[in-house]
Number of protein chains: 2
Amino acid sequence: MNDKFFRLPLEKQQRIINAAYKVFSENSYKKAPMSEIATEGCVSKALLFHYFTNKKELYMYLWANAIEMTREAIIEYKTLETDDFFEMLKRSLLSKCSLMRDYPHLYVFCLRAYYETDPEIQNSIQENYNDVSKVSEMTVFEKIDISKFRKDIDIKTMYAEIFYAVDGYMLKKYRSNCIVPDEIEKEIIVLIDFWKKVYMQEV
Amino acid sequence: MNDKFFRLPLEKQQRIINAAYKVFSENSYKKAPMSEIATEGCVSKALLFHYFTNKKELYMYLWANAIEMTREAIIEYKTLETDDFFEMLKRSLLSKCSLMRDYPHLYVFCLRAYYETDPEIQNSIQENYNDVSKVSEMTVFEKIDISKFRKDIDIKTMYAEIFYAVDGYMLKKYRSNCIVPDEIEKEIIVLIDFWKKVYMQEV
DNA sequence: GTTTGGATTAACTGAAACGGTTAATAGGAG
DNA sequence: CTCCTATTAACCGTTTCAGTTAATCCAAAC
């Protein structure tokens with residue numbers, strides 16, 4: 001890729017990248033056209049190819065960029081620096097909301113990229129992501145204080161259920177084309193407070 | 001469409017329809033090729049056009065078919081003939097699992113079709129679906145006995161959360177390409193029992 | 001065993017979309 | 001005016017698309 005891309009005004013960089021995140025989250029790799037990305041980003045297709053040598057390179061840049069930004073956001077929000085599960089969940093989701101302000105389609109892009117089946121792409125993706133997610137999931141279970149939970153529920157099921165719900169929620173927001181970070185942040189907090197009330201031991 | 005389609009052996013009808021559900025649930029309407037459906041269904045593209053005059057007609061048939069089958073399944077499982085929310089939820093989800101045995105991609109097809117933005121399609125879809133879903137959601141809230149729930153939780157939030165989780169769960173199953181109805185049925189039951197324990201008033 | 005008729009397809013068509021390239025333009029700085 | 005960089009319109013060869021046509025396959029009827 002062409003380093004000059006980074007010398008563009010930040011607004012333009014983001015406009016182009018967001019257009020790409022959007023088109024790649026709506027279509028499979030193969031059926032996401034570079035021309036559509038260009039139009040969506042209000043630049044010419046030729047410019048896209050000027051900065052990114054080809055489609056695959058652009059896709060891979062988006063992926064690496066997504067992982068890196070996610071990791072930074074998690075650190076910035078001190079996500080792992082607590083032993084309270086719901087606090088950790090809140091920090092994790094709020095960090096994702098903050099990413100969403102700059103990159104509204106990043107979350108769904110990742111959701112889709114992880115299951116991308118195109119041979120050109122597949123290999124480079126999953127291994128890389130497993131590094132991040134598996135490790136972090138283990139870290140979570142090591143750190144959290146499970147004594148605060150109700151004794152009669154299965155924590156793994158709870159954990160799974162919560163993440164299904166978050167994905168389902170985000171997907172709905174995304175599909176109905178209303179990604180408004182402020183609103184999502186509020187609704188996420190409502191959900192977390194709800195879970196807290198339901199799953200924590202009463203005192 | 002050509003009525004002779006229904007005179008085909010049932011196995012073949014389903015094979016073709018399932019191929020179509022699959023391709024349309026992976027791609028937007030515009031980018032779902034008839035040729036891919038044909039290949040997936042092990043018939044020639046020409047045969048597809050012999051039974052369905054064009055792509056739009058096929059899509060609309062799939063949609064009407066999905067709605068109709070869903071309604072029948074809901075009735076068959078006596079979904080609305082109880083005032084216990086979790087019993088109703090179980091019947092509703094098990095009825096969907098039973099559909100899944102014959103039509104593995106129907107659920108995700110519907111999820112996608114509802115938000116389809118192609119002008120050729122959009123209008124004919126949403127209104128039609130709202131009839132079904134809005135009415136049934138209202139019926140649910142009229143029928144269920146809310147006295148059994150914990151007093152300290154917001155039922156609307158619970159309701160929303162549960163459906164986010166189901167969608168998130170199904171999406172994950174679908175994306176990771178492992179739609180095994182028996183397994184899904186088991187896991188759904190685990191989830192429902194989990195919710196029951198969590199949300200119902202203890203006695 | 002030949003005819004008939006419906007099921008099925010290979011091969012085709014014209015148009016559009018695709019990834020990627022090229023050669024030219026635009027516009028600001030010196 | 002000159003230089004330089006960002007930018008694009010126009011283009012290229014290829015592939016893909018929805019939809020068509022004319023031919024084949026095959027079983028049942030005669």
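Letters A, B, ... mirror the listed sequences (proteins, then strands); counts begin at 1.
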Identify whether the distance between the nearest side-chain nitrogen and carboxylate oxygen of B:E183 and B:K173 falls below 4.0 Å.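 Yes, charged N to carboxylate O under 4.0 Å.
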
Lys/Arg N to Asp/Glu carboxylate O, A:E40 vs A:R15, below 4.0 Å: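 Between A:R15 and A:E40 there is no salt bridge, as every charged N stays at least 4.0 Å from the carboxylate O atoms.
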
Using ring centroids (six-membered ring only for Trp), state whether B:F85 and B:F149 fall under 6.0 Å.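 That pair passes the under 6.0 Å test.
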
B:Y103/B:F109 aromatic ring centres below 6.0 Å: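 When the ring centroids of B:Y103 and B:F109 are compared, they turn out to be at least 6.0 Å apart.
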
Checking A:K156 against A:F141: charged group under 6.0 Å from the ring centre and within 45 degrees of the axis?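 Yes, A:K156 and A:F141 form such a contact.
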
Would you mind reading off the distance between [X] atom [atom1] and [N] atom [atom2], rounded to a whole angstrom?
X     : N      : atom1 : atom2 : result
B:K55 : D:dT20 : NZ    : C1'   : 17 Å
A:F6  : D:dA6  : CZ    : P     : 14 Å
B:I37 : D:dG19 : CD1   : C1'   : 14 Å
A:F49 : D:dA6  : CZ    : P     : 19 Å
A:F52 : D:dA6  : CZ    : P     : 14 Å
A:E11 : D:dA6  : CD    : C1'   : 15 Å
A:H50 : D:dA6  : NE2   : C1'   : 7 Å
B:N27 : D:dC17 : CG    : P     : 9 Å

Selected nucleotide, minimal atom distance to B:K31 side chain, candidates D:dT8, C:dT9, C:dC18: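 When the side chain of B:K31 is considered, C:dC18 is the closest of D:dT8, C:dT9, C:dC18.
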
Among the nucleotides D:dA18, C:dG19, D:dG19, which one has an atom lying closest to any side-chain atom of A:M34?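 The closest nucleotide is C:dG19.
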
Would you say a side-chain N or O of B:K45 is under 4.0 Å from OP1 or OP2 of D:dT20?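 For D:dT20, neither OP1 nor OP2 has a side-chain N or O of B:K45 closer than 4.0 Å.
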
Distance check: side-chain N/O of B:Y51 vs OP1/OP2 of C:dA7, anything under 4.0 Å?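 It does not, given that no N or O in the side chain of B:Y51 lies less than 4.0 Å from OP1 or OP2 of C:dA7.
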
Under 4.0 Å between any heavy atoms, over every strand shown, what does B:A38 touch: base, sugar-phosphate, or nothing? Just pick one.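 Nothing: the residue B:A38, judged by heavy atoms under 4.0 Å, touches no strand.
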
Identify whether any heavy atom of A:K56 sits under 4.0 Å from a base atom; if not, whether one sits that close to sugar-phosphate; answer base, sugar-phosphate or nothing.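 Touches nothing.
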
Toward the 5' end of DNA chain C, by each residue's nearest nucleotide, A:A46 or A:S35: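 Upstream on the strand: A:S35.
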
More 5' along DNA chain C: B:K4 or B:K30, using each one's nearest nucleotide?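 The answer here is B:K4.
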
